[in-house]
Structure formats: structure tokens, C-alpha cells
Amino acid sequence: MAERTFRKCVLVMGYFLLGASLLAQPYRPSQEIQGKVDSLLALMTLEEKVGQMTNIGVAALCKGGFYEGRDTLELDSVKVNRLLLKYHIGSVQNKGKYPPSIEEWNRLIGAIQEVATQKSRLGIPILYGNDGVHGANYTEGSILFPHQIGVAATWEPRLAEAAAQVTAYELRASGIPWNFGPVVDVAKQPLWGRMFESFGEDTYLNMVMGNAMVRGLQGNNLSDPYRVGACLKHFAGYGMAHNGKDRSPVYMPERLIRQVILPPFEAAIQNGVPTVMINSGTINGIPCHTNKYLITDILKGEMRFQGFTISDWEDIDNLVKVHRVAVDEKDAVLQSVLAGLDMCMDPYDESFAVHLAELVREGAVPVARVDDAVRRILGVKFALGLFEQTLHPVSEYPDFGSEAFTKSSYEAAVESMTLLKNEEDLLPISKDKKVLVTGVAGNSLNYLNGGWSRTWAGVDTTYNDPDKLTIYEALQDILGQANVSFVQGTGYTEEINIEQAVETAKEVDYVVVCVGEQPATEKPSDIDDLSLPQVQQDLVTALSRTGKPIILVMVQGRPRIIREIEPLCKAILMAYLPGNEGGRAITNVLLGDENPSGKLPYTYPRYTGSIWAYDHLKSDDRGPDFGFGAFQPQFEFGYGLSYTTFSYSDLKVEAMPDKDEITISVTLTNTGRRKGKEVIQVYVSDLVASVSPAVKQLKRFRKIELTPGLQKEVKFKLTSKDLAFVNQQNQWVVEPGEFQLRVGNLSHTFNWKK
């Protein structure tokens, strides 16, 4: 996004900030903090300033090589003194090979903070950050929640907020006040391996769930010893890679960047987020880390962001090695800092700080730009209360790993479960029947947890929590060992013992096939084919020949194509990556002790070559005969079944342009035989516009629980902002005309003139 690209842009601030209940206050350092920052800044040397702008990996401070597999993290006093005292490094992140206990985390971070606060000239504390992406996942014994895609599938902001609050508590218990999350990247390309870290394909769902997570992480006070500072990822467009690969180019017109990509970031920034991580890739050929219009003019200017920006891992070096827009590292530092980058995640050493100091002395980087960055960084440190107390005693965190926190994780996992098929009401499973569990995900905690689970890749079984149950173990725990068999069947891509699985299936009443996606993240999560690995499909095919009813449980971070095997399965349950309580949650849904209520946060494609989001254009829907109906996904966005049934009636819509208000009411009735939850989804379609409109767009949703026979009237309010779009001049506008509103199977057309 070059300067010429954005010259005509107008961003309507607060456009997507719908409803006061979503909002806190934008992050703004208080006058008291600003005064303290200015006083401290006046005392700092250039070297101390550029050190504050540098973030290193903790392994750079430890004995041994950076990537040496170590079972303990032992600080190297020579490295510590060089990096913290000579080069004044101000921020540290990450861990070693293993997940430390809260006691070890506090000893480690405490020792680092002691050097920074007691031995340095100015006593500026270190800002320690980590990727707590589904719990404090790098701390031994912490609660592992469903990944964000599963939290999105709950369509319940309350659960997102609760998960984030527990995460914040357990990060602070570990001595970590800064979390690299949430991810608010809209992800419309399921080939992208990090889709599981997102809230899915919809802008509004990302905004609502992202705001809820920010509230849970931060509360109303960043210095609260049970809350942490959030860091939005990844500004901007990271989930929309053209080729579906991680850290890859995005090609998108500015109009869609503003309409689809930016609103969740803007909303979270207005909700008080103090830090933002920059996208590793490029937008329209320009690396985001060198994009001044993106960082300075849009983020810091139009959005009035007063916190600080940070690069992702090694991304300034990548301007040389990968993007080839800089001749050397010094040139990369120059470009990124002038673009508006405030802190560099330079994991290995002090080179960023050294280069930046040279650039300032040479006059290439103004001192004012450095002062602005440092002022932002120090403001966050003061706001987090680090100058008063860097660590709090472990004894102040008695609820770490508690049963109450476990219950929160279980509830999120249960409500994420999305029932996609249930022919002849096969589910729930009768508890007096025999069951075969098979498939790569059937007896694995690692598949349930996915990446970022105790280790970065999430594949090492060494650090799994011994008291947590796999799907097989959870079923066996309830039905008894004699009634539940397990045969592996396949690995991720290799056949193991399919024949044995088939023979065992002949002796049972139900076959639960647990297919899945091997834990991975970032570049290792790249795939070339969205199809479920053939060997896993072969397992289903072979088992179908036994005539026994097949229940397909999908444990995966994104949709994998199942077109060929879907007809062979009587029931299909999407479990996403449900975390440590996933085995129990899946089991209790299969057995009927819990009623599934999840809804898909993405469109589930039928073909690898037909990957469309639900909010596509009508022209996408044209078929070979020039008619319409080409959009035929396996399952639609927002879809999910229940063990009960619901009906919608009495849709009433009143459009009042003079009051800038659209009121909606609809009656929901539980027409089934058991209590259940339904997500009421409100979609709006602009029937005629100056820019071809989406067929429909999600504008509101609410999850409602009803007992059998009970009905409830549910009300929503929209405003003209919900009818707006970004026009050809890259401006948000509302054009008069006809709009269609849809709720469930009901619709209403209204006219908007103002």
C-alpha cells in the first residue's frame, strides 16, 4: 500500500464499534504517566533509547546455543550483562524447549528484572512477552483452552472473555505481563495453516470475539496483577495470503482492506489495546514493516493508536533475506523505523539497536522518531505497573490450574462442538452399546491441543498433562473398558493397521473415526492440498464396508475436504482444536450428556478449487450454464445442528431513517424434546449498490438457551453504519435503497432513505 494508494482514503472512526457494551476506552497514557515518561526520557542516552526498542528471545540470555535443546533455562551472566547493561535491551520474549513451572518462570524473569531494575543506570524494567494463544500454553500445568477458531465456533463472547481472563491470570502468575494475542486476522483462505489461531472468515465475528478477548486479557486496568497487556496480530491482512501460505503476499484493493481487514483492529484499538504486531508479509508488493502509510498514517494517524508497534520474529532481517527491499540489515532498520515500527523482535542479539544508533548519529533517522517510539514503549511499561512491581508472589495466584479454570475450558470446548450431520438421529450414542475408536486423533492429546501447546509445534508428547483424557480414554472412562476398543488405523499420512480396525469394527455397534490434522503452526503448517489426507479417507471407506454406522469426528484447525467420504458417515462432528478438555467435551456430546450448539465460523468447502467465503458476490455464484447456484459448499458459514430443533417466527423489522435506527424482533421456539442453545444470526443484503455488494453480511448474533416448548422474543438494533460499505473513492458511505434482512429462514425487505 504505497502513499499514492491511500491519498483519497477516509476512515470513519468507530464504524464497526457497535454498541457501548463492546467498548472500554482507547489506550491513552494518563497525564501522570506522560509526565513520568518525559522525565525519564530526558535522562536517557541514545544507546538506552534504542535498547528499549529492541526485543530479544530469552535464549539469547541463557547458557548454550540459541536453539540448543535444554531442560533448564540457566542465565549466562556474561550474556545478560552484555545485552541488558551494555546494550540496554528493554524487552524479552519466548521460552526454551520445555514449559517451565510458574515457580521457574518467576525465578528466571525475576533474575532478569533484577539486573534491569537494580544494576542498570536508570532501572527501567524489562517488558516480558509470550504467545499465550490458547491459555498460558508455555507454562507447565496451565489451562489449555480451545484455539481461537473453536472459541469463534461457540459464537459466545462471554466464553472468549472468560478464556482470556484465565489466560491473563496464569500468565501473570508466570511473571509475564504481555501477551502476543489475540489474532484478529480475518481468514478467508483455509489453506492458511494459522486459520486455527483466528476467529474465522467474517469481519464482524472477528470484531466481537476479538473485543471480548481483549476485555478478558486487560480488564479495566493494565496494572491489575491478574491482567496483561494484549498485542493484536498481525497488522494487517496476514490471514488473506494469495497463495494460502504463511507469511506470504496479500493482493487486495484498498477498498476491501478497509472494509474487511481493518475493522477488527480498529475496534480492538478503541477497546484499549496498547500494542500491535505487524504482518510478516507484503500487501500489494510492499512489506508491511516498511509501509509508512499502513503503520504511521493509518494505524497511528487515522486510528489514533498511542501504543507501540512490534515486528514479528526476525522480520526486519527478512526485509533483506526474503522481501529483498533492503540491501542489508542496517537499511532494513532504517526503512522499518521510518515507517513507524517502534520495537523490533530481533531474537538473537543487539544488532537492531546498534544499527539504529548509527543511523541516528548519521542523521538518517531523526531523534524525534526514536523519542516517539521510546515514549510509547515506556508508557506501556508504566501502564502495566512494572515500575512499581515487576513480579507478584506465586502465592497470590492460588487459582492457577484450578478446577474452576478447568471448567471454563471445558465449557468453551463443549460449546464449540459443531454437529454437521446426524442422519436418522444416530447421535447421541446409546451408553449400553459397544464402540470402536479409530483414527489418528482418537488417542492423542497433541491432536486435541494443536500447535502452541507446551512446545511451539505442539507435537512433543513429553510435556502432555498426564491427567487429561484423549477421546478414547474419555469414552472408556464412561462406557467402561469392555465396551470401548481402540485401533489406530492410520497416522497422519501413513497406513498403520486399517485391516485390524475393520475386523474390530465388525464386533461393535458404533465406529467413531477421529480424523485430524497434525499439530503445526507458522511455516510448518503450510500444505499444498486442502483434501483430508487420502489414507484417512481410506480408513473411512474401508470401515463403511462393514455396514456399521460411522461417526466422523474432525479434529483440525481448518476445513479439510471430505466430499468423497461424507456420504459414508451417518454423523459428523467438527471438534476444531478443543484443548485439554476436548476429549471429555467430544465424548459428552457424542453420548448426549451435552447438547452441541457450535456453528461454523467459516465456509466449509466441497472442492479444493472452490474456496469462497459466505459473503461472496453474486457474480461468484454463476454456473457453467450462466445461471446461479454455483456456490455449493459442503457446509455453510454459521451452520450447526443440535439434538433439539428450533423454529423462527414473527420477524418484525422497522426502519426509521430519521432516528438512524432499524429495530428487529424475532421469536425463537424450541420445538424439540430437550434443552438446547441456538445462535440467532442477523444478515443484511444490500440489493443495489454502486459497488457490487456481498450476497449477505453478518451484522448481529446472539446465543439463546431454551427448554422444550419455550419461546422467546429476541430484539436487535442496527443503524445506518450497518448498511455502509467502502465505495470506489475508498470512503465509507451509506447509499439509499432497498435492503434485505434475514434471520433463520425468515427475510424482510425494507427501504432506507435519509
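All residue numbers refer to positions in the sequence shown, counting from 1. Only a predicted model underlies this, so the values are computations on that prediction, with no experimental measurement involved.
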Measure the acute angle between the ring planes of Tyr67 and Trp313, then classify it against the limits of 30° and 60° as parallel, tilted or perpendicular.
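Ring orientation, 0 to 90° scale: tilted.
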Backbone N or O of [Y] within a donor-acceptor pair of the [X] side chain at under 3.5 Å?
X	Y	result
Ser453	Gly451	yes
Tyr27	Val380	yes
Asn291	Leu294	yes
Glu201	Ala187	no
Arg563	Arg606	yes
Lys599	Gly640	yes
Glu170	Ile143	yes
Gln681	Leu698	no
Arg560	Leu530	yes
Asp529	Ser531	yes

Quick one: closest heavy-atom pair of [X] and [Y], and the distance?
X	Y	result
Ala168	Gly216	CB-O, 4.2 Å
Cys288	Ala236	SG-O, 4.0 Å
His323	Thr282	ND1-CG2, 3.4 Å
Asn179	Asp131	OD1-C, 3.8 Å

Does the salt bridge (charged side-chain N to carboxylate O under 4.0 Å, His left out) test come out yes or no for Lys188 and Asp615, once each step is laid out?
CA-CA 10 Å; Lys188 293 182 185 288; Asp615 53 348; 2.8 Å; yes
So, Glu314 and Lys321, do they make that salt bridge, N to O below 4.0 Å?
yes
Taking the six-membered ring for Trp, are [X] and [Y] ring centroids under 6.0 Å apart?
X	Y	answer
Trp178	Phe180	yes
Phe637	Trp155	yes
Phe265	Phe305	no
Phe405	Tyr169	yes
Tyr238	Trp192	yes
His242	Tyr251	yes

Donor-acceptor side-chain pairing of [X] and [Y] below 3.5 angstrom:
X	Y	result
Gln93	Asn55	yes
Thr470	Tyr447	no
Ser280	Asp315	yes
Tyr576	Gln148	no
Asn588	Tyr410	yes
Asn449	Asn580	yes
Asp202	Tyr614	yes

Steps toward salt bridge (charged side-chain N to carboxylate O under 4.0 Å, His left out) verdict (Asp465, Arg454):
CA-CA 9 Å; Asp465 297 55; Arg454 306 305 184 220; 3.1 Å; yes
Below 4.5 Å, heavy atoms only, C-beta onward: do [X] and [Y] meet side chain to side chain?
X	Y	value
Glu411	Glu581	no
Ile316	His289	yes
Ile56	Ser91	no
Arg227	Leu217	no
Thr154	Met209	yes
Met277	Cys231	yes
Ile295	Ile278	yes
Leu262	Met303	yes

With ring-ring contact (aromatic ring centres under 6.0 Å, His included) as the test, would you mind laying out the steps for His147 and Phe196 before giving the verdict?
CA-CA 6 Å; His147 275 285; Phe196 73 92; 4.6 Å; yes
Carefully, step by step, assess Ser597 and Lys703 under the rule side-chain hydrogen bond (donor to acceptor under 3.5 Å, both in side chains).
CA-CA 9 Å; Ser597 62; Lys703 200 167 196 176; 2.9 Å; yes
side-chain hydrogen bond (donor to acceptor under 3.5 Å, both in side chains) between Thr309 and Asp342, worked out
CA-CA 5 Å; Thr309 59; Asp342 300 310; 3.2 Å; yes
Could you go step by step and tell me if Thr603 and Glu636 meet the side-chain hydrogen bond (donor to acceptor under 3.5 Å, both in side chains) rule?
CA-CA 5 Å; Thr603 301; Glu636 292 203 24; over 6 Å; no
What distance do [X] atom [atom1] and [Y] atom [atom2] have between them, rounded to the nearest 0.5 Å?
X	Y	atom1	atom2	value
Thr587	Ile471	OG1	CD1	7.0 Å
His616	Lys696	NE2	NZ	9.0 Å
Met554	Gln536	CE	CD	11.5 Å
Ile561	Thr608	CD1	OG1	6.0 Å
Ser142	Phe400	OG	CZ	5.0 Å
Thr290	Leu341	OG1	CG	10.5 Å

Residues Asn464, Asn446; criterion side-chain hydrogen bond (donor to acceptor under 3.5 Å, both in side chains); working and verdict
CA-CA 8 Å; Asn464 287 345; Asn446 297 75; 2.8 Å; yes
Tell me whether Asp528 at atom CG has more than 12 heavy atoms from other residues, nucleotides or ligands lying less than 6.0 Å away.
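Result for CG/Asp528: open.
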Checking Arg158 against Glu161 for the salt bridge (charged side-chain N to carboxylate O under 4.0 Å, His left out) test, could you report, in this order, the C-alpha distance in whole Å, the side-chain angles of both residues, the deciding distance, and whether it holds?
CA-CA 5 Å; Arg158 172 183 59 84; Glu161 183 172 352; over 6 Å; no
Whether Arg558 engages the ring of Tyr602 as a cation-pi pair (distance to the six-membered ring centre under 6.0 angstrom, angle to the ring normal within 45°) should be assessed.
no
